[in-house]
Protein chains: 2
Amino acid sequence: MEQIVASLRDEGFRITPQRMAIVDYLLKTEDHPSADHIHKVVRKRYPMISLSTVYKTLYLLKEKNLVNEIEVEGESRFDAHTDDHINIVCIKCGKIDDVDEETLKDIQVKAAKKSKYLILKSSFELHGYCSSCKSKMK
Amino acid sequence: MEQIVASLRDEGFRITPQRMAIVDYLLKTEDHPSADHIHKVVRKRYPMISLSTVYKTLYLLKEKNLVNEIEVEGESRFDAHTDDHINIVCIKCGKIDDVDEETLKDIQVKAAKKSKYLILKSSFELHGYCSSCKSKMK
DNA sequence: ACTTAATTAGGAATTATTCCTAATAATAAT
DNA sequence: ATTATTATTAGGAATAATTCCTAATTAAGT
């Protein structure tokens with residue numbers, strides 16, 4: 001948290017309670033919340049915070065590589081976990097879990113060579129049923 | 001093409017000119033067009049075709065695993081290439097290329113184990129600059 | 001040809017996101 | 001501490017992709 005605040009301050013951005021609250025929530029949760037969900041949560045403490053501020057803050061943080069965005073079923077979900085990893089999305093309940101996987105980097109390098117692209121960012125998603133939804137189905 | 005028509009017909013779906021035109025375009029193109037783009041193209045031959053029909057057809061084809069959908073920058077892009085592969089998106093011009101990669105399946109299996117999810121679908125995207133946009137930048 | 005039920009066109013409704021602007025407040029300077 | 005500067009915010013309007021709705025059309029079985 002201090003690191004994030006420091007890095008924003010260094011670049012001349014102001015540290016507002018709204019930004020703090022959003023960063024704080026993202027760091028604490030294991031969830032991959034949507035902008036709207038973050039808004040609902042943060043609103044409990046800061047009832048005046050607007051959804052547009054949540055969006056602006058999220059895109060600022062994304063720009064600074066402090067959060068990651070993934071698009072799932074027409075909406076963006078955010079995550080403070082910015083290292084390369086796999087996001088596993090439950091198509092029933094919408095839960096998203098992270099799985100680390102060292103070989104992702106290799107794939108990225110191989111694909112960059114084959115395709116002649118300059119790769120800047122990766123996004124690996126799997127979709128299925130989480131263990132809880134899986135067992136409820138039977 | 002015949003396979004697709006046959007498989008739709010088998011399941012009781014009607015073979016309409018609209019559906020044929022959409023499938024035909026998707027099979028011929030190397031692009032990963034959006035619904036709106038498909039609509040614009042198919043409209044040249046079938047001026048009356050509606051965008052909602054394009055959407056319905058695409059989601060029918062997706063349901064039947066005949067096309068793949070990826071979400072990029074707030075819009076869905078479609079592709080008749082349904083085997084596991086990597087989509088590489090150019091963040092400048094929006095082009096999408098495919099790269100085959102055999103190790104994707106391994107990753108999927110490993111992640112399924114670790115996460116205890118039942119995996120149904122995967123989506124691997126890399127984002128960067130295509131070779132053409134890359135050279136234009138310098 | 002006739003029937004009937006799936007499909008379509010067209011536009012309205014919905015939803016996530018972005019845009020706009022006057023008011024507010026974080027920071028730097030005094 | 002006060003003040004001045006200017007980034008940021010709240011709130012709502014605008015936008016854009018997608019979904020929904022319904023009367024008219026039409027593919028396919030008889």
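Note that this is a predicted model, so its numbers are computed, not measured. Convention: sequence-line order gives letters A, B, ...; per-chain numbering from 1.
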Side chain to side chain contact (heavy atoms under 4.5 Å, CB included) against Lys136(B), all qualifying residues, sequence neighbours excluded | Ser132(B)
Under 3.5 Å: donor-acceptor pair, side chain of Lys95(B), backbone of Tyr129(B) | no
Sub-3.5 Å donor-acceptor pair from the side chain of Gln108(B) to the main-chain atoms of Ser122(B), do we have one?
-> no
Between Tyr59(B) and Leu51(A), name the one whose nearest nucleotide on DNA chain D is closer to the 5' end.
-> Leu51(A)
Take the protein atom CG of Leu60(A) and the nucleotide atom P of dT17(C), then report the distance between them rounded to whole Å.
-> 17 Å
Where along residues 15-50 of chain A does a heavy atom fall under 4.0 Å from DNA chain C?
-> Ile15(A), Pro17(A)
Glu11(B) CD to dT7(C) P, straight-line distance once rounded to whole Å = 11 Å
Taking for each residue the nucleotide of DNA chain D bearing the nearest heavy atom, is the 5' side occupied by Phe78(B) or by Arg14(B)?
-> Phe78(B)
Would you please test Asn65(B) and Thr82(B) for side-chain hydrogen bond (donor to acceptor under 3.5 Å, both in side chains) and show each step?
-> CA-CA 7 Å; Asn65(B) 255 297; Thr82(B) 55; 5.6 Å; no
Is any side-chain N of the basic residue among Lys110(A) and Glu101(B) closer than 4.0 Å to the acidic one's carboxylate O?
-> yes
When all nucleic acid strands are considered with a 4.0 Å heavy-atom cut-off, which category describes Arg9(B): base, sugar-phosphate, or nothing?
-> sugar-phosphate
Rounded to the nearest angstrom, tell me the gap between atom CD in Glu73(B) and atom C1' in dA16(C).
-> 15 Å
Do any N or O atoms from the side chain of Thr53(B) and from the backbone of Ile49(B) form a donor-acceptor pair under 3.5 angstrom?
-> no
Taking any atom under 4.0 angstrom from a heavy atom of chain A, which nucleotides of DNA chain D are the first and last to qualify, 5' to 3'?
-> dT6(D) to dG12(D)
Kindly indicate, with the supporting measurements, whether the criterion side-chain hydrogen bond (donor to acceptor under 3.5 Å, both in side chains) is fulfilled by Asp97(B) and His32(B).
-> CA-CA 8 Å; Asp97(B) 280 319; His32(B) 293 62; over 6 Å; no
Tell which nucleotide pairs with dT30(C), taking only Watson-Crick or G-U wobble pairs whose two distances are both under 3.5 angstrom.
-> dA1(D)
Please give, in whole Å, the distance from dT7(C) C1' to Lys56(B) NZ?
-> 6 Å
Rounded to the nearest 0.5 angstrom, the CG-NE2 distance for Leu26(A) and His81(A) is 13.5 Å
